[in-house]
Amino acid sequence: MSGVRLALRAALPARADLAALFAGAWAGLGAAELAARSVTVGGESLVAGELFDVTGSADGTARLEGDLRLADRVGRELAEGTLVVDGPLGHEAGAGMTGGRLEVIGSVGDAAGTGMAGGTLVVRGRAGHRAGAALPGRKKGMTGGELVVFGDVGDEAGAQMRRGLLAVGGSTGAAPGFAMLAGTLVVLGACGTDPGLLSKRGSIVALGPVTPPPTYRHACTAPFAVLRLVLLRLRDRAGLPVRPEQVAGTYRRYSGDFAESGKGEILAWVAP
């Protein structure tokens with residue numbers, strides 16, 4: 001990968017806020033300009049060049065390297081360009097993204113992709129709680145974009161989603177799709193307890209074990225052509241291990257949550 005490389009010089013001594021590093025129009029900036037951007041470590045304002053060795057030239061891409069588990073809000077409100085993080089990240093990775101691509105070759109903390117409106121966020125490891133959910137104080141979670149987590153996620157993944165696609169290659173914690181307004185949540189592993197609880201609309205696609213809440217009702221068992229397109233996209237473009245029998249298979253459709261409007265659904269794959 002060409003572009004700008006930011007290599008962490010030493011372990012972070014405290015939690016860092018890197019939201020400003022890739023905010024706004026950053027894709028045309030070279031090493032010197034990115035090195036001069038503001039970051040905050042333990043409440044102290046610094047510039048990126050004090051934390052990272054910054055090299056390379058502008059081509060719309062950047063790569064962060066190092067142990068950034070204490071680095072929060074990386075790619076927050078990302079709107080353009082391609083950012084690759086070679087290592088773990090802290091909380092709110094890609095929160096509020098409107099465009100561009102953020103790929104994390106590692107795991108992330110809580111609130112990854114919360115409030116996404118566009119763009120693509122790929123997490124090659126696991127994610128914490130409330131991935132793709134609503135930002136604090138907001139009524140809507142993801143309103144667009146695509147969030148793909150290859151590992152497990154914590155509780156309330158996709159809570160209050162309005163639109164967009166959240167795909168989980170592993171299993172979820174409790175209450176995936178809590179209070180969904182719309183959108184699609186695909187889970188390749190096991191769904192945690194109370195999937196789709198208080199959902200108004202939206203779809204949860206369960207390729208692994210799932211137990212719908214008692215406020216859901218079985219509607220039918222059938223193949224779904226639109227679902228095949230979604231699964232093929234996740235397999236062929238995102239690289240998730242969706243199996244041919246899952247693409248071509250039949251699904252039990254449960255309607256709910258009838259504690260709300262009852263217009264949501266859980267589609268549970270029927271293994272042959």
Side-chain angles (χ1 to χ4, degrees), residues 1 61 75 78 82-86 93-94 97 99-108 112-113 116-128 131-133 141-154 157-158 161-173 176-177 180 182-192 195-196 201-210 212 220-254 264-272:
M1 180 177 176
T61 65
L78 188 74
T82 297
L83 172 60
V84 176
V85 180
D86 191 359
M97 284 180 66
R101 178 181 175 88
L102 170 58
E103 181 171 352
V104 183
I105 308 173
S107 295
V108 298
M116 282 183 69
T120 300
L121 170 56
V122 177
V123 179
R124 297 287 174 183
R126 70 174 308 277
M142 289 179 68
T143 59
E146 189 172 292
L147 169 54
V148 179
V149 180
F150 276 70
D152 298 336
V153 298
M161 281 182 72
R162 180 64 180 85
R163 279 187 293 272
L165 174 63
L166 168 56
V168 180
S171 299
T172 77
M180 286 180 76
T184 302
L185 168 60
V186 180
V187 183
L188 274 66
C191 280
R201 288 183 182 269
S203 301
I204 297 177
V205 181
L207 303 185
V210 61
C220 65
T221 299
F224 293 89
V226 173
L227 179 55
R228 292 180 182 181
L229 297 177
V230 174
L231 295 178
L232 285 172
R233 174 185 174 86
L234 291 174
R235 185 191 71 183
D236 297 340
R237 294 190 59 180
L240 286 176
V242 179
R243 304 202 301 269
E245 60 268 30
Q246 293 169 330
V247 174
T250 58
Y251 288 77
R252 290 191 184 95
R253 182 179 186 271
Y254 297 89
E265 64 181 4
I266 297 174
L267 300 175
W269 177 58
V270 180

[Y] side chain reached by [X] side chain, heavy atoms, under 4.5 Å:
X: Arg235; Y: Leu240; value: no
X: Val210; Y: Trp269; value: no
X: Leu227; Y: Val205; value: yes
X: Leu166; Y: Val153; value: no
X: Thr120; Y: Glu103; value: no

Taking all atoms of both residues into account, what is the closest heavy-atom pair of [X] and [Y], and its distance?
X: Glu265; Y: Ser203; value: OE2-OG, 2.6 Å
X: Pro212; Y: Pro195; value: CA-CG, 4.3 Å
X: Arg162; Y: Thr143; value: CB-CG2, 3.9 Å
X: Glu146; Y: Met116; value: O-CE, 3.7 Å
X: Ala157; Y: Leu185; value: O-CD2, 4.0 Å
X: Leu147; Y: Gly113; value: CD2-CA, 4.4 Å

Under 3.5 Å: donor-acceptor pair, side chain of [X], backbone of [Y]:
X: Thr172; Y: Gly192; answer: yes
X: Ser171; Y: Ala190; answer: yes
X: Tyr251; Y: Gln246; answer: yes

